[in-house]
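When reading the values below, keep in mind they use all heavy atoms of this one structure, side chains included, and skip hydrogens, waters and symmetry mates. To find a chain, count down the sequence lines: A is the first, B the second, and so on, and within it residues start at 1.
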Protein chains: 2
Amino acid sequence: MAGNAQSYDAEAFPRFGVTVDLTVFTVKDDALHLLLVRRANEPYEGMWALPGGFVRAEADANLDRAAQRELREETGLGFHAQASAAEGEIHLEQLRAYWRQRRDPRPGIEVATVAFIAIGPDLPEPIPGGDAHEAAWRPVTDVLAERVALAFDHQQIVRDAVTEVRRRLEDTLLAAEFVPREFTLAELRHVYEVIWGEPVDKRNFYRKMKSLERFIRPTGRLTSGRQGRPAELFVRTPAELAPGPILRSGRSADTAPDD
Amino acid sequence: MAGNAQSYDAEAFPRFGVTVDLTVFTVKDDALHLLLVRRANEPYEGMWALPGGFVRAEADANLDRAAQRELREETGLGFHAQASAAEGEIHLEQLRAYWRQRRDPRPGIEVATVAFIAIGPDLPEPIPGGDAHEAAWRPVTDVLAERVALAFDHQQIVRDAVTEVRRRLEDTLLAAEFVPREFTLAELRHVYEVIWGEPVDKRNFYRKMKSLERFIRPTGRLTSGRQGRPAELFVRTPAELAPGPILRSGRSADTAPDD
DNA sequence: TCAAAAGTGTTGTGAATACACCCATGG
DNA sequence: CCATGGGTGTATTCACAACACTTTTGA
(Lines give C-alpha, C1' and ligand atoms only; values in the text may rest on other atoms or scores of the structure.)
Protein backbone atom coordinates (compact mmCIF):
# COMPACT_ATOMS: atom_id res chain seq x y z
CA MET A 1 0.00 0.00 0.00
CA ALA A 2 2.74 2.39 0.90
CA GLY A 3 5.03 1.47 -2.01
CA ASN A 4 3.03 2.63 -4.99
CA ALA A 5 2.84 6.15 -3.64
CA GLN A 6 5.96 6.71 -5.74
CA SER A 7 3.86 6.35 -8.87
CA TYR A 8 2.54 9.81 -8.10
CA ASP A 9 4.86 12.21 -9.90
CA ALA A 10 5.95 14.95 -7.58
CA GLU A 11 6.35 17.35 -10.51
CA ALA A 12 2.78 16.83 -11.62
CA PHE A 13 0.90 17.53 -8.40
CA PRO A 14 -2.45 19.26 -8.84
CA ARG A 15 -2.59 23.03 -8.82
CA PHE A 16 -5.13 24.78 -6.63
CA GLY A 17 -6.46 28.27 -6.47
CA VAL A 18 -6.05 29.57 -2.94
CA THR A 19 -8.37 32.23 -1.60
CA VAL A 20 -8.79 34.03 1.69
CA ASP A 21 -12.25 34.74 3.08
CA LEU A 22 -12.98 37.05 5.99
CA THR A 23 -15.61 36.95 8.68
CA VAL A 24 -15.52 40.55 9.84
CA PHE A 25 -17.36 41.20 13.10
CA THR A 26 -18.36 44.37 14.88
CA VAL A 27 -20.87 45.31 17.56
CA LYS A 28 -23.45 47.76 16.24
CA ASP A 29 -26.89 48.71 17.48
CA ASP A 30 -26.69 46.29 20.41
CA ALA A 31 -26.07 43.28 18.16
CA LEU A 32 -23.15 41.36 16.70
CA HIS A 33 -22.89 42.18 13.00
CA LEU A 34 -21.08 40.47 10.15
CA LEU A 35 -19.79 42.08 6.98
CA LEU A 36 -21.14 40.65 3.71
CA VAL A 37 -20.59 41.60 0.08
CA ARG A 38 -22.72 40.96 -2.95
CA ARG A 39 -20.72 39.12 -5.60
CA ALA A 40 -20.09 41.01 -8.83
CA ASN A 41 -18.87 37.98 -10.81
CA GLU A 42 -19.53 34.32 -11.42
CA PRO A 43 -19.82 31.97 -9.70
CA TYR A 44 -22.71 32.89 -7.41
CA GLU A 45 -22.96 36.31 -9.10
CA GLY A 46 -25.35 38.59 -7.22
CA MET A 47 -25.32 36.42 -4.11
CA TRP A 48 -24.16 37.47 -0.66
CA ALA A 49 -20.78 36.14 0.39
CA LEU A 50 -17.87 36.77 2.69
CA PRO A 51 -15.39 39.34 1.44
CA GLY A 52 -12.26 37.66 0.09
CA GLY A 53 -10.44 36.62 -3.02
CA PHE A 54 -7.46 34.89 -4.53
CA VAL A 55 -4.09 35.00 -2.82
CA ARG A 56 -1.50 36.59 -5.14
CA ALA A 57 1.70 34.65 -4.83
CA GLU A 58 3.82 37.57 -6.04
CA ALA A 59 2.13 40.47 -4.30
CA ASP A 60 1.09 38.99 -0.95
CA ALA A 61 3.87 38.16 1.47
CA ASN A 62 1.73 35.72 3.45
CA LEU A 63 -1.86 34.73 4.15
CA ASP A 64 -2.51 37.49 6.69
CA ARG A 65 -1.40 40.14 4.24
CA ALA A 66 -3.59 38.71 1.53
CA ALA A 67 -6.56 38.89 3.89
CA GLN A 68 -5.82 42.51 4.76
CA ARG A 69 -5.57 43.45 1.09
CA GLU A 70 -8.84 41.75 0.18
CA LEU A 71 -10.68 43.44 3.01
CA ARG A 72 -9.39 46.83 1.93
CA GLU A 73 -10.21 46.24 -1.73
CA GLU A 74 -13.71 44.91 -1.26
CA THR A 75 -14.95 47.01 1.64
CA GLY A 76 -12.62 49.97 2.10
CA LEU A 77 -11.91 48.89 5.67
CA GLY A 78 -8.23 49.36 6.32
CA PHE A 79 -5.43 48.18 8.48
CA HIS A 80 -2.84 50.49 9.89
CA ALA A 81 0.82 49.51 9.89
CA GLN A 82 1.22 46.20 11.63
CA ALA A 83 3.78 47.59 14.05
CA SER A 84 1.54 50.24 15.57
CA ALA A 85 -1.06 47.74 16.61
CA ALA A 86 -2.05 50.17 19.33
CA GLU A 87 -3.55 52.50 16.75
CA GLY A 88 -4.50 49.65 14.39
CA GLU A 89 -8.20 49.37 13.90
CA ILE A 90 -8.84 45.78 12.96
CA HIS A 91 -7.81 42.59 14.70
CA LEU A 92 -7.10 39.66 12.38
CA GLU A 93 -6.52 35.99 13.08
CA GLN A 94 -6.77 32.84 11.04
CA LEU A 95 -9.68 30.46 11.61
CA ARG A 96 -8.85 27.41 9.45
CA ALA A 97 -8.71 26.14 5.86
CA TYR A 98 -11.63 24.69 3.88
CA TRP A 99 -11.57 22.45 0.88
CA ARG A 100 -13.57 19.59 -0.51
CA GLN A 101 -13.90 18.40 -4.10
CA ARG A 102 -15.76 20.86 -6.35
CA ARG A 103 -16.14 23.30 -3.46
CA ASP A 104 -15.84 25.99 -6.13
CA PRO A 105 -18.02 25.09 -9.13
CA ARG A 106 -15.75 26.71 -11.73
CA PRO A 107 -14.61 24.00 -14.14
CA GLY A 108 -10.97 23.08 -14.41
CA ILE A 109 -9.85 24.31 -11.03
CA GLU A 110 -10.06 23.32 -7.38
CA VAL A 111 -10.11 26.19 -4.90
CA ALA A 112 -9.12 25.94 -1.26
CA THR A 113 -9.84 28.84 1.06
CA VAL A 114 -8.28 30.03 4.27
CA ALA A 115 -10.86 31.69 6.51
CA PHE A 116 -10.05 34.56 8.85
CA ILE A 117 -11.75 36.25 11.75
CA ALA A 118 -11.51 40.05 11.77
CA ILE A 119 -12.83 42.27 14.52
CA GLY A 120 -13.07 46.02 14.93
CA PRO A 121 -14.74 48.62 17.14
CA ASP A 122 -18.04 49.90 15.72
CA LEU A 123 -16.72 49.89 12.16
CA PRO A 124 -17.98 52.36 9.53
CA GLU A 125 -20.21 51.58 6.60
CA PRO A 126 -18.21 49.57 4.07
CA ILE A 127 -17.36 50.87 0.57
CA PRO A 128 -17.80 48.14 -2.04
CA GLY A 129 -14.98 47.54 -4.56
CA GLY A 130 -13.19 44.83 -6.48
CA ASP A 131 -15.35 41.76 -6.77
CA ALA A 132 -18.08 43.30 -4.58
CA HIS A 133 -21.13 45.12 -6.00
CA GLU A 134 -22.41 45.99 -2.60
CA ALA A 135 -21.21 45.65 0.98
CA ALA A 136 -23.27 45.73 4.16
CA TRP A 137 -23.39 44.84 7.83
CA ARG A 138 -25.85 42.10 8.71
CA PRO A 139 -26.79 40.85 12.17
CA VAL A 140 -25.18 37.46 12.66
CA THR A 141 -28.51 36.10 13.84
CA ASP A 142 -29.84 36.64 10.32
CA VAL A 143 -27.02 34.59 8.87
CA LEU A 144 -27.16 31.82 11.47
CA ALA A 145 -30.91 31.53 11.00
CA GLU A 146 -30.28 31.25 7.24
CA ARG A 147 -32.41 34.29 6.55
CA VAL A 148 -29.69 35.26 4.09
CA ALA A 149 -28.26 32.70 1.66
CA LEU A 150 -24.48 32.71 1.24
CA ALA A 151 -22.28 31.60 -1.65
CA PHE A 152 -19.92 28.60 -1.54
CA ASP A 153 -19.62 27.03 1.94
CA HIS A 154 -19.63 30.45 3.57
CA GLN A 155 -22.56 29.57 5.80
CA GLN A 156 -20.44 26.87 7.43
CA ILE A 157 -17.48 29.21 7.76
CA VAL A 158 -19.64 31.78 9.54
CA ARG A 159 -20.97 29.17 11.95
CA ASP A 160 -17.44 28.08 12.79
CA ALA A 161 -16.27 31.66 13.18
CA VAL A 162 -19.09 32.66 15.54
CA THR A 163 -18.41 29.59 17.66
CA GLU A 164 -14.74 30.50 17.82
CA VAL A 165 -15.43 34.14 18.73
CA ARG A 166 -17.76 33.11 21.55
CA ARG A 167 -15.19 30.65 22.85
CA ARG A 168 -12.34 33.11 22.74
CA LEU A 169 -14.43 35.66 24.58
CA GLU A 170 -14.42 33.23 27.48
CA ASP A 171 -10.72 32.62 27.79
CA THR A 172 -9.05 35.69 26.30
CA LEU A 173 -9.75 39.40 26.29
CA LEU A 174 -10.87 39.21 22.67
CA ALA A 175 -13.79 41.42 23.71
CA ALA A 176 -11.37 44.34 23.85
CA GLU A 177 -11.05 44.16 20.05
CA PHE A 178 -14.70 45.21 19.73
CA VAL A 179 -14.12 48.42 21.61
CA PRO A 180 -12.04 51.60 20.89
CA ARG A 181 -8.46 51.78 22.08
CA GLU A 182 -9.60 53.65 25.19
CA PHE A 183 -12.75 52.22 26.65
CA THR A 184 -14.84 52.09 29.82
CA LEU A 185 -15.67 48.87 31.56
CA ALA A 186 -19.32 49.46 30.73
CA GLU A 187 -18.47 49.43 27.02
CA LEU A 188 -16.52 46.22 27.45
CA ARG A 189 -19.33 44.64 29.40
CA HIS A 190 -21.76 45.55 26.65
CA VAL A 191 -19.73 43.44 24.22
CA TYR A 192 -20.13 40.37 26.39
CA GLU A 193 -23.83 40.97 26.83
CA VAL A 194 -24.41 41.37 23.11
CA ILE A 195 -22.38 38.35 22.02
CA TRP A 196 -23.54 36.01 24.74
CA GLY A 197 -27.08 37.34 24.67
CA GLU A 198 -27.53 37.58 28.41
CA PRO A 199 -26.95 40.25 31.07
CA VAL A 200 -23.68 40.45 32.98
CA ASP A 201 -23.69 41.89 36.51
CA LYS A 202 -22.17 45.36 36.34
CA ARG A 203 -20.54 45.25 39.76
CA ASN A 204 -18.99 41.81 39.57
CA PHE A 205 -17.76 42.53 36.07
CA TYR A 206 -16.11 45.70 37.30
CA ARG A 207 -14.18 43.95 40.03
CA LYS A 208 -13.22 41.02 37.84
CA MET A 209 -11.75 43.27 35.16
CA LYS A 210 -9.93 45.45 37.66
CA SER A 211 -8.25 42.30 38.95
CA LEU A 212 -6.96 41.36 35.49
CA GLU A 213 -4.08 43.80 35.58
CA ARG A 214 -2.28 41.57 33.14
CA PHE A 215 -4.80 42.37 30.44
CA ILE A 216 -6.04 45.93 30.87
CA ARG A 217 -4.54 49.05 32.40
CA PRO A 218 -6.26 52.24 33.62
CA THR A 219 -5.20 55.40 31.79
CA GLY A 220 -6.09 57.70 34.67
CA ARG A 221 -8.39 59.68 32.36
CA LEU A 222 -12.15 59.82 32.81
CA THR A 223 -15.05 60.11 30.42
CA SER A 224 -16.98 63.38 30.34
CA GLY A 225 -20.10 64.78 28.75
CA ARG A 226 -22.07 61.58 29.21
CA GLN A 227 -24.96 60.83 31.49
CA GLY A 228 -24.13 59.89 35.06
CA ARG A 229 -20.86 59.69 36.93
CA PRO A 230 -17.73 59.77 34.74
CA ALA A 231 -16.10 56.41 34.13
CA GLU A 232 -12.46 55.47 34.22
CA LEU A 233 -10.84 54.83 30.81
CA PHE A 234 -8.75 51.72 30.21
CA VAL A 235 -6.40 50.48 27.47
CA ARG A 236 -5.58 46.92 26.59
CA THR A 237 -2.08 45.72 27.30
CA PRO A 238 0.06 44.00 24.65
CA ALA A 239 -0.46 40.66 26.40
CA GLU A 240 -4.20 41.00 26.14
CA LEU A 241 -4.79 37.88 24.07
CA ALA A 242 -2.78 35.46 26.14
CA PRO A 243 -5.02 32.71 27.46
CA GLY A 244 -6.33 32.50 30.98
CA PRO A 245 -9.96 32.30 32.05
CA ILE A 246 -11.74 35.63 31.94
CA LEU A 247 -15.34 35.11 32.89
CA ARG A 248 -17.73 32.26 33.48
CA SER A 249 -15.36 29.55 34.55
CA GLY A 250 -18.11 27.00 34.67
CA ARG A 251 -19.94 27.76 31.47
CA SER A 252 -20.87 24.64 29.55
CA ALA A 253 -21.23 24.43 25.81
CA ASP A 254 -24.84 23.37 25.43
CA THR A 255 -26.10 26.41 27.27
CA ALA A 256 -24.66 28.74 24.64
CA PRO A 257 -27.31 31.23 23.54
CA ASP A 258 -28.47 31.33 19.92
CA ASP A 259 -28.47 35.08 20.05
CA MET B 1 -7.52 52.14 -4.44
CA ALA B 2 -10.41 49.73 -4.63
CA GLY B 3 -11.11 50.37 -8.29
CA ASN B 4 -8.03 48.99 -9.96
CA ALA B 5 -8.54 45.63 -8.35
CA GLN B 6 -10.41 44.82 -11.56
CA SER B 7 -7.12 44.85 -13.43
CA TYR B 8 -6.40 41.49 -11.86
CA ASP B 9 -7.71 38.87 -14.28
CA ALA B 10 -9.81 36.35 -12.39
CA GLU B 11 -9.01 33.67 -14.99
CA ALA B 12 -5.28 33.99 -14.41
CA PHE B 13 -5.03 33.64 -10.65
CA PRO B 14 -1.87 31.92 -9.41
CA ARG B 15 -1.85 28.19 -8.93
CA PHE B 16 -0.59 26.73 -5.68
CA GLY B 17 0.45 23.31 -4.58
CA VAL B 18 -1.52 22.37 -1.48
CA THR B 19 -0.11 19.90 1.02
CA VAL B 20 -1.24 18.45 4.31
CA ASP B 21 1.21 17.97 7.17
CA LEU B 22 0.50 15.98 10.31
CA THR B 23 1.66 16.41 13.86
CA VAL B 24 0.97 12.94 15.23
CA PHE B 25 1.14 12.68 19.00
CA THR B 26 1.15 9.74 21.35
CA VAL B 27 2.17 9.13 24.95
CA LYS B 28 5.01 6.61 25.17
CA ASP B 29 7.50 5.86 27.90
CA ASP B 30 6.12 8.58 30.18
CA ALA B 31 6.62 11.34 27.61
CA LEU B 32 4.70 13.01 24.81
CA HIS B 33 6.09 11.82 21.49
CA LEU B 34 5.80 13.19 17.97
CA LEU B 35 6.02 11.24 14.75
CA LEU B 36 8.73 12.36 12.30
CA VAL B 37 9.82 11.04 8.93
CA ARG B 38 13.12 11.41 7.10
CA ARG B 39 12.55 12.91 3.69
CA ALA B 40 13.39 10.67 0.72
CA ASN B 41 13.26 13.47 -1.89
CA GLU B 42 14.22 17.07 -2.50
CA PRO B 43 13.77 19.60 -1.10
CA TYR B 44 15.28 18.97 2.32
CA GLU B 45 16.20 15.40 1.29
CA GLY B 46 17.43 13.39 4.26
CA MET B 47 16.09 15.86 6.80
CA TRP B 48 13.47 15.14 9.43
CA ALA B 49 10.01 16.50 8.72
CA LEU B 50 6.36 16.05 9.53
CA PRO B 51 4.62 13.31 7.56
CA GLY B 52 2.49 14.77 4.81
CA GLY B 53 2.26 15.44 1.11
CA PHE B 54 0.31 16.93 -1.73
CA VAL B 55 -3.46 16.91 -1.70
CA ARG B 56 -4.78 15.05 -4.77
CA ALA B 57 -7.74 16.94 -6.11
CA GLU B 58 -9.18 13.87 -7.84
CA ALA B 59 -8.48 11.19 -5.25
CA ASP B 60 -9.01 13.02 -1.97
CA ALA B 61 -12.57 14.01 -1.13
CA ASN B 62 -11.49 16.70 1.35
CA LEU B 63 -8.57 17.85 3.47
CA ASP B 64 -9.18 15.37 6.29
CA ARG B 65 -9.15 12.45 3.89
CA ALA B 66 -5.94 13.67 2.32
CA ALA B 67 -4.34 13.80 5.77
CA GLN B 68 -5.48 10.26 6.58
CA ARG B 69 -4.10 8.97 3.29
CA GLU B 70 -0.72 10.61 3.77
CA LEU B 71 -0.38 9.27 7.28
CA ARG B 72 -1.14 5.76 6.10
CA GLU B 73 1.25 5.99 3.13
CA GLU B 74 4.20 7.44 4.98
CA THR B 75 3.95 5.68 8.32
CA GLY B 76 1.60 2.73 7.98
CA LEU B 77 -0.59 4.13 10.74
CA GLY B 78 -4.18 3.62 9.74
CA PHE B 79 -7.62 4.98 10.31
CA HIS B 80 -10.60 2.70 10.65
CA ALA B 81 -13.86 3.50 8.92
CA GLN B 82 -14.98 6.98 9.87
CA ALA B 83 -18.37 5.73 11.01
CA SER B 84 -17.07 3.37 13.67
CA ALA B 85 -15.24 6.10 15.49
CA ALA B 86 -15.63 4.02 18.61
CA GLU B 87 -13.15 1.50 17.25
CA GLY B 88 -11.17 4.09 15.30
CA GLU B 89 -7.63 4.44 16.48
CA ILE B 90 -6.55 7.93 15.54
CA HIS B 91 -8.16 11.26 16.30
CA LEU B 92 -7.69 13.92 13.62
CA GLU B 93 -8.40 17.63 13.62
CA GLN B 94 -7.20 20.56 11.61
CA LEU B 95 -4.79 23.04 13.17
CA ARG B 96 -4.48 25.84 10.57
CA ALA B 97 -2.99 26.72 7.20
CA TYR B 98 0.53 28.01 6.60
CA TRP B 99 1.88 29.95 3.67
CA ARG B 100 4.37 32.70 3.05
CA GLN B 101 6.28 33.54 -0.13
CA ARG B 102 8.87 30.90 -1.05
CA ARG B 103 7.89 28.78 1.91
CA ASP B 104 8.74 25.82 -0.30
CA PRO B 105 12.05 26.45 -2.10
CA ARG B 106 11.14 24.53 -5.25
CA PRO B 107 11.27 26.95 -8.17
CA GLY B 108 8.17 27.77 -10.12
CA ILE B 109 5.62 26.85 -7.49
CA GLU B 110 4.20 28.22 -4.27
CA VAL B 111 3.07 25.62 -1.75
CA ALA B 112 0.56 26.21 1.02
CA THR B 113 0.10 23.58 3.68
CA VAL B 114 -2.76 22.68 5.97
CA ALA B 115 -1.49 21.33 9.29
CA PHE B 116 -3.33 18.68 11.29
CA ILE B 117 -3.14 17.34 14.80
CA ALA B 118 -3.48 13.56 15.10
CA ILE B 119 -3.59 11.66 18.36
CA GLY B 120 -3.65 7.99 19.19
CA PRO B 121 -3.20 5.65 22.18
CA ASP B 122 0.34 4.30 22.50
CA LEU B 123 0.75 3.93 18.76
CA PRO B 124 3.00 1.23 17.26
CA GLU B 125 6.33 1.75 15.56
CA PRO B 126 5.72 3.45 12.20
CA ILE B 127 6.50 1.78 8.87
CA PRO B 128 8.12 4.23 6.46
CA GLY B 129 6.77 4.52 2.92
CA GLY B 130 6.10 6.96 0.10
CA ASP B 131 8.21 10.06 0.50
CA ALA B 132 9.63 8.81 3.84
CA HIS B 133 12.94 6.93 4.11
CA GLU B 134 12.56 6.44 7.80
CA ALA B 135 9.89 7.12 10.41
CA ALA B 136 10.31 7.39 14.16
CA TRP B 137 8.79 8.65 17.38
CA ARG B 138 10.67 11.53 19.00
CA PRO B 139 10.00 13.15 22.36
CA VAL B 140 8.41 16.54 21.73
CA THR B 141 10.89 18.09 24.13
CA ASP B 142 13.67 17.21 21.65
CA VAL B 143 11.84 19.04 18.91
CA LEU B 144 10.86 22.06 21.00
CA ALA B 145 14.43 22.39 22.22
CA GLU B 146 15.56 22.28 18.57
CA ARG B 147 17.70 19.23 19.19
CA VAL B 148 16.34 17.94 15.91
CA ALA B 149 16.22 20.21 12.84
CA LEU B 150 13.03 20.08 10.79
CA ALA B 151 12.38 20.84 7.12
CA PHE B 152 10.29 23.78 5.88
CA ASP B 153 8.51 25.68 8.68
CA HIS B 154 7.69 22.44 10.46
CA GLN B 155 9.35 23.61 13.66
CA GLN B 156 6.79 26.42 13.89
CA ILE B 157 3.94 24.06 13.10
CA VAL B 158 5.02 21.74 15.91
CA ARG B 159 5.19 24.61 18.38
CA ASP B 160 1.69 25.71 17.44
CA ALA B 161 0.38 22.14 17.61
CA VAL B 162 1.81 21.46 21.07
CA THR B 163 0.34 24.72 22.35
CA GLU B 164 -3.03 23.75 20.96
CA VAL B 165 -2.91 20.24 22.43
CA ARG B 166 -2.07 21.60 25.88
CA ARG B 167 -4.88 24.11 25.63
CA ARG B 168 -7.46 21.59 24.50
CA LEU B 169 -6.47 19.29 27.32
CA GLU B 170 -7.72 22.00 29.67
CA ASP B 171 -11.15 22.57 28.23
CA THR B 172 -12.05 19.34 26.45
CA LEU B 173 -11.54 15.66 27.14
CA LEU B 174 -8.91 15.50 24.40
CA ALA B 175 -6.82 13.48 26.87
CA ALA B 176 -9.11 10.53 26.19
CA GLU B 177 -7.70 10.31 22.66
CA PHE B 178 -4.34 9.29 24.13
CA VAL B 179 -5.72 6.20 25.87
CA PRO B 180 -7.40 3.02 24.57
CA ARG B 181 -11.13 2.88 24.05
CA GLU B 182 -11.56 1.38 27.52
CA PHE B 183 -9.36 3.03 30.08
CA THR B 184 -8.89 3.51 33.80
CA LEU B 185 -8.85 6.91 35.42
CA ALA B 186 -5.21 6.31 36.37
CA GLU B 187 -4.33 5.95 32.69
CA LEU B 188 -6.19 9.14 31.87
CA ARG B 189 -4.48 10.97 34.71
CA HIS B 190 -1.12 9.84 33.45
CA VAL B 191 -1.78 11.64 30.16
CA TYR B 192 -2.32 14.94 31.98
CA GLU B 193 0.78 14.45 34.07
CA VAL B 194 2.95 13.70 31.07
CA ILE B 195 1.70 16.53 28.88
CA TRP B 196 1.57 19.18 31.59
CA GLY B 197 4.74 17.92 33.22
CA GLU B 198 3.47 18.05 36.79
CA PRO B 199 1.70 15.65 39.16
CA VAL B 200 -2.09 15.56 39.44
CA ASP B 201 -3.70 14.47 42.72
CA LYS B 202 -5.10 10.98 42.21
CA ARG B 203 -8.06 11.44 44.54
CA ASN B 204 -9.26 14.81 43.33
CA PHE B 205 -8.83 13.69 39.74
CA TYR B 206 -10.93 10.63 40.42
CA ARG B 207 -13.83 12.63 41.84
CA LYS B 208 -13.64 15.29 39.16
CA MET B 209 -13.82 12.76 36.33
CA LYS B 210 -16.62 10.80 37.94
CA SER B 211 -18.61 14.02 38.03
CA LEU B 212 -18.17 14.57 34.27
CA GLU B 213 -20.87 12.10 33.31
CA ARG B 214 -21.32 14.05 30.13
CA PHE B 215 -17.88 13.03 28.91
CA ILE B 216 -17.05 9.57 30.21
CA ARG B 217 -19.16 6.58 31.20
CA PRO B 218 -18.26 3.57 33.36
CA THR B 219 -18.50 0.21 31.58
CA GLY B 220 -19.04 -1.74 34.77
CA ARG B 221 -16.01 -3.90 33.96
CA LEU B 222 -12.85 -3.93 36.04
CA THR B 223 -9.18 -4.39 35.23
CA SER B 224 -7.50 -7.60 36.39
CA GLY B 225 -4.06 -9.09 36.54
CA ARG B 226 -2.40 -5.81 37.48
CA GLN B 227 -0.80 -4.77 40.70
CA GLY B 228 -3.12 -3.46 43.40
CA ARG B 229 -6.87 -3.13 43.58
CA PRO B 230 -8.71 -3.52 40.24
CA ALA B 231 -9.82 -0.28 38.63
CA GLU B 232 -13.10 0.55 36.98
CA LEU B 233 -12.99 0.80 33.18
CA PHE B 234 -14.51 3.79 31.40
CA VAL B 235 -15.32 4.71 27.81
CA ARG B 236 -15.54 8.16 26.31
CA THR B 237 -18.98 9.34 25.26
CA PRO B 238 -19.68 10.71 21.77
CA ALA B 239 -19.90 14.23 23.21
CA GLU B 240 -16.45 13.96 24.70
CA LEU B 241 -14.92 16.85 22.81
CA ALA B 242 -17.57 19.44 23.50
CA PRO B 243 -16.08 22.36 25.41
CA GLY B 244 -16.49 22.94 29.09
CA PRO B 245 -13.72 23.29 31.65
CA ILE B 246 -12.20 19.97 32.67
CA LEU B 247 -9.38 20.69 35.08
CA ARG B 248 -7.46 23.63 36.42
CA SER B 249 -9.98 26.40 35.98
CA GLY B 250 -7.53 29.02 37.09
CA ARG B 251 -4.48 27.98 35.12
CA SER B 252 -2.75 30.93 33.50
CA ALA B 253 -0.75 30.74 30.31
CA ASP B 254 2.64 31.89 31.50
CA THR B 255 2.87 29.10 34.02
CA ALA B 256 2.80 26.44 31.29
CA PRO B 257 5.62 23.99 31.91
CA ASP B 258 8.41 23.52 29.39
CA ASP B 259 8.83 19.98 30.66
C1' DT C 1 0.89 -10.00 55.63
C1' DC C 2 2.76 -6.51 53.07
C1' DA C 3 3.13 -3.45 49.09
C1' DA C 4 0.65 -1.18 45.69
C1' DA C 5 -2.87 0.96 43.64
C1' DA C 6 -8.12 2.14 43.86
C1' DG C 7 -11.35 4.68 45.96
C1' DT C 8 -13.85 7.68 50.18
C1' DG C 9 -14.35 11.48 53.75
C1' DT C 10 -13.42 15.83 55.36
C1' DT C 11 -11.89 20.40 55.69
C1' DG C 12 -10.00 24.85 54.32
C1' DT C 13 -9.52 28.40 50.84
C1' DG C 14 -10.52 31.28 47.07
C1' DA C 15 -13.38 32.55 43.20
C1' DA C 16 -17.90 33.49 41.31
C1' DT C 17 -22.39 35.11 42.38
C1' DA C 18 -26.12 37.99 44.24
C1' DC C 19 -27.52 42.06 45.84
C1' DA C 20 -27.64 46.30 49.23
C1' DC C 21 -25.60 50.44 49.10
C1' DC C 22 -22.83 54.88 48.23
C1' DC C 23 -20.68 58.38 44.71
C1' DA C 24 -20.45 61.83 41.02
C1' DT C 25 -22.22 63.92 37.30
C1' DG C 26 -25.97 66.14 33.87
C1' DG C 27 -30.36 67.99 33.55
C1' DC D 1 -32.71 67.52 43.77
C1' DC D 2 -33.49 63.75 41.03
C1' DA D 3 -32.32 60.42 37.41
C1' DT D 4 -28.50 57.94 35.60
C1' DG D 5 -24.83 55.34 35.43
C1' DG D 6 -20.06 54.50 38.09
C1' DG D 7 -18.18 52.22 41.76
C1' DT D 8 -17.84 49.75 46.89
C1' DG D 9 -19.05 46.31 50.69
C1' DT D 10 -20.35 41.98 52.01
C1' DA D 11 -22.57 37.44 52.53
C1' DT D 12 -23.45 33.00 50.36
C1' DT D 13 -22.31 29.32 47.50
C1' DC D 14 -19.45 26.25 45.14
C1' DA D 15 -15.39 24.33 43.06
C1' DC D 16 -10.94 22.90 43.92
C1' DA D 17 -6.77 21.63 46.56
C1' DA D 18 -4.83 19.13 50.34
C1' DC D 19 -4.42 15.22 52.78
C1' DA D 20 -5.91 11.36 56.29
C1' DC D 21 -7.93 7.18 55.67
C1' DT D 22 -10.20 2.64 53.98
C1' DT D 23 -10.58 -1.09 50.37
C1' DT D 24 -9.05 -4.66 47.29
C1' DT D 25 -6.03 -6.99 44.84
C1' DG D 26 -1.05 -9.58 43.59
C1' DA D 27 3.02 -11.49 45.41
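A donor-acceptor pair shorter than 3.5 Å cannot be found between the side chains of B/Asp21 and B/Tyr98. The closest side-chain donor-acceptor pair between B/Gln156 and B/Asp160 falls under 3.5 angstrom.
The separation between A/Asp201 atom CG and D/dG6 atom C1' is 13 Å, rounded to whole Å. Rounded to whole angstrom, the span from the CZ atom of B/Arg226 across to the P atom of C/dG7 amounts to 11 Å. The interatomic distance linking B/Glu193 (CD) with C/dA5 (P) rounds to 12 Å, in whole Å. With rounding to whole Å, B/Leu185 atom CG is found 10 Å from C/dT8 atom P. In this entry the distance linking OH of B/Tyr192 with P of D/dC16 reads 12 Å, nearest Å. For the pair B/Glu232 CD and D/dT25 P, the computed distance is 13 Å after rounding to whole Å. Rounded to whole angstrom, the span from the CG atom of B/Leu188 across to the P atom of C/dG7 amounts to 13 Å. One atom, CZ of A/Arg189, and another, P of D/dG7, lie 11 Å apart when rounded to the nearest Å.
Taking only side-chain nitrogens and oxygens, B/Tyr206 comes nearer than 4.0 Å to OP1 or OP2 of C/dT8. Note on B/Lys208: a side-chain N or O is less than 4.0 Å away from OP1 or OP2 of D/dC16.
For B/Gln227, taking side-chain heavy atoms from C-beta onward, the closest of the listed nucleotides D/dT10, D/dG26, C/dG9 is D/dG26. With distances taken from any side-chain atom of A/Arg229 to the nucleotides C/dA24, D/dG9, D/dC19, the minimum falls on C/dA24. When distances are taken from the side chain of B/Asn204 to each of C/dC23, C/dA6, D/dA17, the shortest belongs to D/dA17. Side-chain proximity of B/Arg207 to C/dT8, C/dA6, D/dG7: nearest is C/dT8. Of the candidate nucleotides C/dA18, D/dG6, D/dT8, D/dG6 has the atom lying nearest to any side-chain atom of A/Lys202. Picking from C/dA6, D/dT25, D/dG7 the nucleotide with the shortest atom distance to the side chain of B/Pro230 gives D/dT25.
Judged by closest nucleotide on DNA chain C, B/Glu187 is the one of A/Leu222 and B/Glu187 placed further toward the 5' end.
Residue contacts shown for B/Arg203 include a base, since a base heavy atom lies under 4.0 Å away.
Using a 4.0 Å cut-off between a side-chain N of Lys or Arg and a carboxylate O of Asp or Glu, A/Glu232 and A/Lys210 qualify as a salt bridge.
Annotation: side chain of B/Val165 is not in contact with side chain of B/Thr23 (no heavy-atom distance under 4.5 Å).
For the atom pair B/Phe234 CZ and B/Glu187 CD, the distance stands at 11.5 Å (nearest 0.5 Å).
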